[in-house]
Amino acid sequence: MLVDIDLLTSYGGFIESHSPSDIIFEEGDEPQFYYQVITGSVKLNHINEDGKELIQSILSDGQSVCELLSFIKETFPVNAVAISECTIIKVPIKKFLKLLDDHRQAARDVQQFVAERLYHKFIMMQNNASKYSHVRIEGILKYFKSFSDEQSQYSYELPLTRKQLAAITGLRIETVIRTVKKMETEKVLKIKNRKIYF
DNA sequence: TCATTAATTTGGC
DNA sequence: GCCAAATTAATGA
């Protein structure tokens, strides 16, 4: 957990529950809260001019959502949509900033998290700029697996559908399906019941 | 539960 | 890579 729930609660944090496909906030909205996922997962996406979805990020247990906007005055550049049943804690931004002032350790943790996200964003952008579909897909697999404690081969079950994988990598869904199958024959990953194990 | 919709997969271009 | 069609899974009335 990025910031302790009790601490967030003591600074005016309150919990909300969402079902899959619930919109938590929309592109262009003014950020009013700091959001942290307690359970479940949330995607940050953008719909481009062709109506295609680009998933910028997927956040799960313990991670915060667009926390950087607590510090600058801009509107959300993405939509946040629940992709599973989830509980989220919201803290008004002013109170959240006060929390960071009062609690040095929490401020450091948030700083660290922002730095990690930025670092991963660089890597993902480089992978997704590759002309090779397997490079893009493996990049995402590694990124997701990096949050898992279990690192042995094929131990990680990718919590993404083919469609979501396509929306993250910018590839076509058919390309994702065919590339993933090829990667299975090359023993990069395993497929069981349509799920990807990496 | 059944009907509808969404996701997945295959094949042709 | 794009489109269409067939199959399968998920959703919801």
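Just so we're on the same page: letters track the sequence lines, and every chain starts at 1. Remember, it's a predicted structure, so these values are computed and weren't measured experimentally.
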Original post:
Considering only side-chain heavy atoms of A:E174, which listed nucleotide, C:dC2, C:dC3, B:dT8, is closest?
Top reply: C:dC3
Original post:
Quick one: A:I196 CD1 to B:dA7 C1', roughly how many Å, whole number?
Top reply: 13 Å
Original post:
What integer distance in Å separates A:E53:CD from B:dA6:C1'?
Top reply: 13 Å
**OP:** Please step through salt bridge (Lys or Arg N to Asp or Glu O under 4.0 Å) for the pair A:K43 and A:E53, ending with a clear verdict.
**Re:** CA-CA 11 Å; A:K43 69 178 174 184; A:E53 177 185 30; 2.8 Å; yes
Original post:
Charged N to carboxylate O under 4.0 angstrom, A:R178 versus A:E174?
Top reply: no
Original post:
Where the side chain of A:L171 is concerned, which of C:dG1, C:dC2, B:dT9 is the nearest nucleotide?
Top reply: C:dG1
Original post:
Within this structure, what is the CD1-to-P distance between A:I177 and C:dG1, rounded to whole angstrom?
Top reply: 12 Å
**OP:** Report which part of the nucleic acid A:R194 touches: base, sugar-phosphate, or nothing (heavy-atom distance under 4.0 Å, all strands).
**Re:** sugar-phosphate
Original post:
CZ of A:R172 versus P of B:dG11: gap in Å, rounded?
Top reply: 19 Å
Subject >> Spacing between A:R136 atom CZ and C:dG1 atom C1', to the nearest angstrom >> reply: 12 Å
Original post:
Between C:dA9 atom C1' and A:I173 atom CD1, what is the distance in whole Å?
Top reply: 13 Å
**OP:** May I ask you to establish whether A:K90 and A:F33 are in a cation-pi arrangement, using a distance under 6.0 Å from NZ or CZ to the six-membered ring centre and at most 45° from the ring axis?
**Re:** yes
Original post:
Would you say the side chain of A:R178 and the base of B:dG11 hold a donor-acceptor pair, judged only by whether the two atoms sit under 3.5 Å apart?
Top reply: yes
Subject >> Note: A:E67-A:R117 ion pair, threshold 4.0 Å (strictly below) >> reply: yes
Subject >> Closest-nucleotide 5' rank along DNA chain C - winner of A:P20 and A:S133 >> reply: A:S133
Original post:
Looking at the side chain of A:K52, which of C:dC3, C:dC2, B:dT9 is the nearest nucleotide?
Top reply: C:dC2
Original post:
Rounded to whole angstrom units, what separation is found between the NZ atom of A:K195 and the P atom of C:dA9?
Top reply: 12 Å
Subject >> Side chain of A:T175 (C-beta onward), nearest among C:dC2, C:dG1, B:dA7 >> reply: C:dG1
Original post:
Roughly how many Å is it from NZ in A:K163 to P in C:dT11, rounded to a whole number?
Top reply: 13 Å
Subject >> Expected output: side-chain A:S84 to main-chain A:S41 donor-acceptor under 3.5 Å >> reply: yes
